[in-house]
Every structure is written in structure tokens, then in C-alpha cells.
Asker: 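Attaching a single structure in C-alpha cells format; questions to follow.
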Amino acid sequence: MTTILLVEDARDLAQVIERELTAAGYRVVLAYDGRTALDLLAREQPDLVVLDWMLPQVDGLEVLRRLRQESPTPVLMLTARSEEVDRVVGLELGADDYLTKPFSMRELLARVRALLRRTDLVRQMLEADRKASTEAVRYGPLALDPVRHIATVDGQELDLTPTEFRLLHLLMRHPGRAFGRSYLLDTIWGDQFVGERSVDNAVLRLRKKLGPLGEAIETVWGVGYRLRATDVREGP
């Protein structure tokens, strides 16, 4: 059953939301303050967090900040603050969606369902990207053979680390597709505890090793990286 962590200090509102989410088929874990929310995040590992901005002990933004250091769990922020700058701050810290009070339970449920659907799609995509493909891929003069674990440019073998090889293989399999840094961390590094800077450093090394062809790995500002779309074909 899908578990939702609801963090709301207004108890009457929290109980109404809890009742509606439960009636919709979700398991709801309730916290009335930020400190309790942080404890429940670690213990329950919810599928989604509905998080109020203004909380006692630890405020919602700090809960969000700490959550994003550990997990990509989707977060729906609840707030009475309607100023655009406030929404921007929350989104930049990692909130996935915003709902300004007062709101209808119908809209809340619609946003919860949309976030969970989006999360399921990302999870399916992540699983597909993590699967080791055995198909050889070419990108102009660049050739990669995952079975023999060899990548060459104009027939000259590249000296790549396992991480660089997996990163290059992923980019070559999806030319033109933009990959976010956090997504690359989940796909390439998995459970290793590294930050987004590791992605930047790996791309920098890969660009250097590819020589002039390294320019084909483009930076997508505010997102991550992509391999410039071109004629790419599978096979030797």
C-alpha cells in the first residue's frame, strides 16, 4: 500500500486530510511538527510527503532541505504564503508541487495522484536505464561495446573507469535526451553516497578523454547533461 507522510500542525486540517487520503486508499502517517516528521521519514520511508511550510520545532523548508539530502521522495508543499518568491524558494529546495491554503480536498487528491503517477513513470524509466544493455552502439567515430567493455574513437581505445563507461553508454543509448544530475546519480552511482558534484566531475573527465568529440556532451543549464542528437545506430 502507498504510504503518505502528512506533516501539518493544524490538527483539525490534518485530520480532515488524513481522512480523505485514507478513504482514497492510502496509508497515512501523521506528524504535527518538523522534528517528528524527520523521525518518521527515516523510519517509514514514505512514497510521498505532504508537507506544511510553517511548522513548530523544525520548519517545513528545513524538513525539505534535510529530506533532499537523503531521498528523491516527491513532496507536495502546503502553505498559506501566496507570494511567488516563497513558492520559488520551496521549488528550488526540491519541492515537486505547491498547494496554497485554502484548498479543496478534491484538488489535493488530484495533485497527490499526479505526483505518484509521475514517480511511478520515473521509477520505471530508472529501472530500464539501470538494466545492462548488451547492444553495441556507435556515435560517429565513437563506438562502444558493452560485452567486451571497450569504447573507441576512430579505432583508438579509450581508458575509461567503470563509472565513465556506464555514463557514456547511457548517453549514447539516448542521444538528445536530457538527464538530470540527481537522475544520473541514481542510475549510475546507485546507493553510493556521493553528491551531484561527482556527476559534474565524471562528465568533465569524459569530455577530456573523448577529445574534440567531448563537445557533443552538452550542458543543459539547470538540469544536467545530454549527448547532442545525431545519427546513432546500434551494432558494430
Asker: Would Leu30 end up clustered with Val16 when hydrophobic side chains under 4.5 Å apart are linked, directly or stepwise?
Answerer: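 Per the 4.5 Å side-chain linkage, Leu30 and Val16 are co-clustered.
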Asker: Output yes when a side-chain donor or acceptor of Lys209 lies under 3.5 Å from a complementary backbone atom of Asp159, and no otherwise.
Answerer: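 Checked: pair present.
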Asker: To the closest 0.5 Å, what do you measure between CE (Met1) and OH (Tyr26)?
Answerer: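 Output value for this atom pair is 11.0 Å.
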Asker: Any side-chain heavy atom of Leu6 sitting closer than 4.5 Å to one from Leu51?
Answerer: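 Side-chain contact under 4.5 Å: no.
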Asker: Between Asp96 and Arg68 (salt bridge meaning N to carboxylate O under 4.0 Å), is one present in this structure?
Answerer: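 Here Asp96 pairs with Arg68 in a salt bridge, since their nearest N and O are under 4.0 Å apart.
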Asker: Please name the pair of heavy atoms, one in Pro46 and one in Thr73, separated by the smallest distance, quoted to 0.1 Å.
Answerer: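 Scanning both residues, the minimum pair turns out to be O-CG2, 3.5 Å.
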Asker: Which distance, rounded to the nearest 0.5 Å, do you find between the OG1 of Thr163 and the CD1 of Ile188?
Answerer: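 These two atoms lie 8.0 Å from each other.
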Asker: Can we say Glu44 and Arg27 salt-bridge, meaning some charged N sits less than 4.0 Å from an Asp/Glu carboxylate O?
Answerer: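 Yes, this pair counts.
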Asker: If two hydrophobic side chains count as joined below 4.5 Å and joins carry through other members, does Val220 share a cluster with Leu210?
Answerer: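 Val220 does not cluster with Leu210.
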Asker: Any chance CD of Glu107 has more than 12 other-residue heavy atoms, nucleotides or ligands included, within less than 6.0 Å?
Answerer: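 Counting other residues, nucleotides and ligands, CD of Glu107 exceeds 12 neighbours.
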Asker: Examine Arg226 relative to Phe179 and say whether NZ or CZ is less than 6.0 Å from the centre of the six-membered ring and inside a 45° cone about the ring axis.
Answerer: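 Output no; distance or angle outside limits.
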Asker: Heavy atoms only: give me the nearest Ala24-Leu109 pair and the separation to one decimal.
Answerer: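 What the structure gives for the nearest pair is CB-CD2, 4.0 Å.
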Asker: Can we say Lys101 and Glu8 salt-bridge, meaning some charged N sits less than 4.0 Å from an Asp/Glu carboxylate O?
Answerer: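 Here Lys101 pairs with Glu8 in a salt bridge, since their nearest N and O are under 4.0 Å apart.
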Asker: To the nearest 0.5 Å, tell me how far Leu171 CG sits from Tyr139 OH.
Answerer: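 Those atoms lie 10.0 Å apart.
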Asker: Do Val223 and Leu184 share a hydrophobic cluster, counting only Ile, Leu, Val, Met, Phe, Trp and Tyr and linking them when any side-chain heavy atoms are less than 4.5 Å apart?
Answerer: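 The answer is no; the residues belong to distinct hydrophobic clusters.
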Asker: For a side chain to side chain contact (heavy atoms under 4.5 Å, CB included) with Ile17, tell me which candidate from Asp12, Val28, Leu78 qualifies.
Answerer: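 Among the candidates, only Leu78 passes.
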Asker: Is it the case that one hydrophobic cluster holds both Met105 and Leu48, taking links as side-chain heavy atoms less than 4.5 Å apart, direct or via other members?
Answerer: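 Met105 clusters together with Leu48.
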Asker: Going through the checks in order, is the side-chain hydrogen bond (donor to acceptor under 3.5 Å, both in side chains) test met by Asp39 and Thr36?
Answerer: CA-CA 5 Å; Asp39 291 339; Thr36 302; 5.5 Å; no
Asker: Without swapping roles, check the side chain of Asp47 against the backbone of Thr3 for a donor-acceptor pair under 3.5 Å.
Answerer: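 A pair under 3.5 Å: yes.
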Asker: Is Gln15 atom CD crowded by more than 12 heavy atoms from other residues, nucleotides or ligands, each under 6.0 Å away?
Answerer: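 Check passes, neighbour count above 12.
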Asker: Under 3.5 Å, is there a donor-acceptor pair between the side chain of Glu164 and the main chain of Thr161?
Answerer: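 Yes; at least one donor-acceptor contact below 3.5 Å.
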Asker: To check you understand the geometry: which heavy-atom pair defines the closest contact between Gly214 and Arg207, and what is its length?
Answerer: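 Minimum heavy-atom contact is O-CG, 3.4 Å.
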Asker: To the nearest 0.5 Å, what is the distance between CG on Leu168 and CG on Leu227?
Answerer: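 If I round to the nearest 0.5 Å, the distance is 7.5 Å.
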Asker: Rounded at 0.5 Å granularity, tell me how far CD in Glu157 sits from CZ in Arg148.
Answerer: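 Spacing of CD (Glu157) from CZ (Arg148) equals 8.5 Å.
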Asker: Any luck finding a side-chain donor-acceptor pair between Asp200 and Tyr225 under 3.5 Å?
Answerer: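 Side chains of Asp200 and Tyr225: pair found under 3.5 Å.
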Asker: Quick check: is Ile150 connected to Leu142 through a chain of hydrophobic side chains (ILVMFWY, heavy atoms under 4.5 Å apart)?
Answerer: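 No, Leu142 and Ile150 fall in different hydrophobic clusters.
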Asker: Specify the closest pair of heavy atoms between Trp189 and Ser198, including all atoms of both residues, with the distance to one decimal.
Answerer: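 Heavy atoms only, the tightest pair is CZ2-O, 3.7 Å.
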Asker: Can you measure from CG (Asp97) to CZ (Arg111) and round to the nearest 0.5 angstrom?
Answerer: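 Output value for this atom pair is 4.5 Å.
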Asker: Measure the shortest side-chain to side-chain distance between Asp52 and Met77 over non-hydrogen atoms and say whether it is less than 4.5 angstrom.
Answerer: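 Side chain of Asp52 against side chain of Met77, heavy atoms only: no contact under 4.5 Å found.
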Asker: Please state whether the rings of His149 and Phe165 are parallel, tilted or perpendicular, taking 30° and 60° as the class boundaries.
Answerer: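 Ring orientation of His149 relative to Phe165: parallel.
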